[in-house]
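See structure below.
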Amino acid sequence: MFTDIVILAGGFGERLWPASRPDHPKQFLSLGKNFSLLQNSILRALALKPEGKIVIATRKDLLESCAKHALELSQKVSDDDKNKILRDLIVLAEPEAKHTTAPIILTCHMLEKISPDVKHSVLVLTSDHVIAPVENFATDCKEAYEIASKGNFVCFAIPPTEASTGYGYIKTGDAVTEKTYKIDNFKEKPDAKTAEEYFKSGKYFWNSGMFGFTSDFLKAELKKCQSDVSCAFECVENGKAPKLARINGIYYVKKWREMDKAYSSTPKIAIDNAIAEKTDKACAVTTTFKWDDVGSWDAFAKFSEGEDNVIAQAYSENNFVYSDIPVALCDVKDLIVVIKNGKALVMKKGSSNLVRDVVKSIK
């Protein structure tokens with residue numbers, strides 16, 4: 001299995017406004033009464049029993065919140081998982097947001113500095129998605145590890161359940177194993193007609209934004225495919241290990257001069273564009289777990305287990321309410337009502353695509 005796991009936890013929280021916001025993005029929200037989306041991501045990482053580190057890569061302004069969520073989780077899990085969190089979880093706060101390539105290559109270098117005698121294999125996870133059941137997830141990750149350990153960049157391809165225009169797509173090519181394929185190409189979010197064509201073809205899958213590879217492979221491919229990023233991080237590769245300290249009881253990178261220097265010159269680029277779309281060694285594991293990026297209020301409503309808030313409804317049906325205060329609904333249906341942080345959103349179900357635009361007008 002992968003030796004180390006990276007959880008990407010940046011984001012600015014626009015699509016789930018007003019509950020999420022730049023200083024409290026989606027990964028800190030909860031779909032129920034137990035764990036936040038970030039905490040569920042940590043639980044999935046723990047379920048894989050990695051021998052090495054679990055690294056949460058985030059922004060500087062989210063450092064304390066990430067550590068707080070990790071510490072709170074450690075108090076609700078088994079002793080073994082608690083010890084793993086307190087011993088091997090590290091929050092890595094970037095100097096500035098540079099998309100996904102920078103924090104991923106930075107983490108690879110950090111892992112090699114901390115454990116230089118280990119051949120690191122790295123699984124990159126998201127911090128704010130819904131994945132179930134965890135047993136299927138673990139099985140698919142084992143398959144991904146086997147493929148990655150042979151010198152491949154592995155993506156997780158989600159079998160589409162509808163002709164969605166909200167996701168990027170992966171077109172699969174030749175079979176590598178029964179459930180893994182070479183990637184023919186990547187497609188940006190399509191229009192409705194193209195999405196329908198993708199869905200009917202059976203050869204297009206949703207791109208989950210999760211990846212697997214060995215650290216050695218990523219460094220070599222980055223030098224070949226995106227040399228400007230590789231060059232920017234040479235100072236990290238040749239420099240000293242970061243200085244760690246604890247915040248809210250959790251390890252974090254307190255000081256790393258080489259990181260600051262690398263970020264001052266590295267371009268801002270997604271790992272999809274820097275590596276996945278350029279390498280000839282990209283593979284996709286077709287997943288057996290259920291997945292959703294919870295990227296809209298319609299999706300959030302579908303997965304939410306409810307809150308303890310007071311809701312009164314008269315002659316109303318099929319409504320979802322997520323509120324800090326009591327809400328009464330009269331003679332309405334198919335609504336999503338969100339009242340959080342002193343702001344309110346009222347929308348018809350199925351209209352989530354309008355939220356970003358209306359938020360911009362309010363700002």
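Along the sequence shown, residues carry numbers from 1.
- At a threshold of 4.5 Å between non-hydrogen side-chain atoms, the residues Gln75 and Lys82 do not count as touching.
- A salt bridge between Lys302 and Asp292 is present, with a side-chain N of the basic residue lying under 4.0 Å from a carboxylate O of the acidic one.
- Here Lys219 pairs with Glu237 in a salt bridge; the nearest charged N to carboxylate O distance falls below 4.0 Å.
- In this structure the side chain of Tyr322 reaches within 4.5 angstrom of the side chain of Trp297, judged on heavy atoms.
- Although no hydrogens or angles enter the test, the distance criterion places a donor-acceptor pair under 3.5 Å between the side chain of Asn341 and the main chain of Pro18.
- Annotation: side chain of Tyr181 is not in contact with side chain of Asp174 (no heavy-atom distance under 4.5 Å).
- Looking at Thr165, its side chain never comes within 3.5 Å of a backbone N or O of Ala192 through a donor-acceptor pair.
- Applying the salt bridge (Lys or Arg N to Asp or Glu O under 4.0 Å) test between Asp140 and each of Arg44, Lys179, Lys290 identifies Lys179 as the sole match.
- Side-chain contact between Glu188 and Asp272 is absent, with no heavy atoms from C-beta onward closer than 4.5 Å.
- Judged purely by atom type and a 3.5 angstrom limit, Asn83 uses its side chain to pair as donor or acceptor with the backbone of Asp79.
- Put simply, the side chain of Arg87 never gets that close to the backbone of Lys53: no donor and acceptor are under 3.5 Å apart.
- In this structure a side-chain-to-backbone donor-acceptor pair under 3.5 Å is present from Gln27 to Gly10.
- A side-chain donor-acceptor contact under 3.5 Å links Glu258 to the backbone of Lys240.
- Taking the six-membered ring where the residue is Trp, the centroids of Phe153 and Phe211 are separated by under 6.0 Å.
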Would Thr101 and Gln226 count as a side-chain hydrogen bond (donor to acceptor under 3.5 Å, both in side chains) if you check the C-alpha gap in whole Å, the side-chain angles of each, and the deciding distance to 0.1 Å?
CA-CA 10 Å; Thr101 302; Gln226 198 70 43; over 6 Å; no
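- The one candidate from Trp206, Tyr167, Trp291, Phe156 that meets the ring-ring contact (aromatic ring centres under 6.0 Å, His included) condition with His129 is Trp291.
- Side-chain contact, Glu317 with Asn319: no donor N or O sits under 3.5 Å from an acceptor N or O.
- Note: Tyr263 and Phe233 have perpendicular aromatic rings, judged against thresholds of 30 and 60 degrees for the angle between ring planes.
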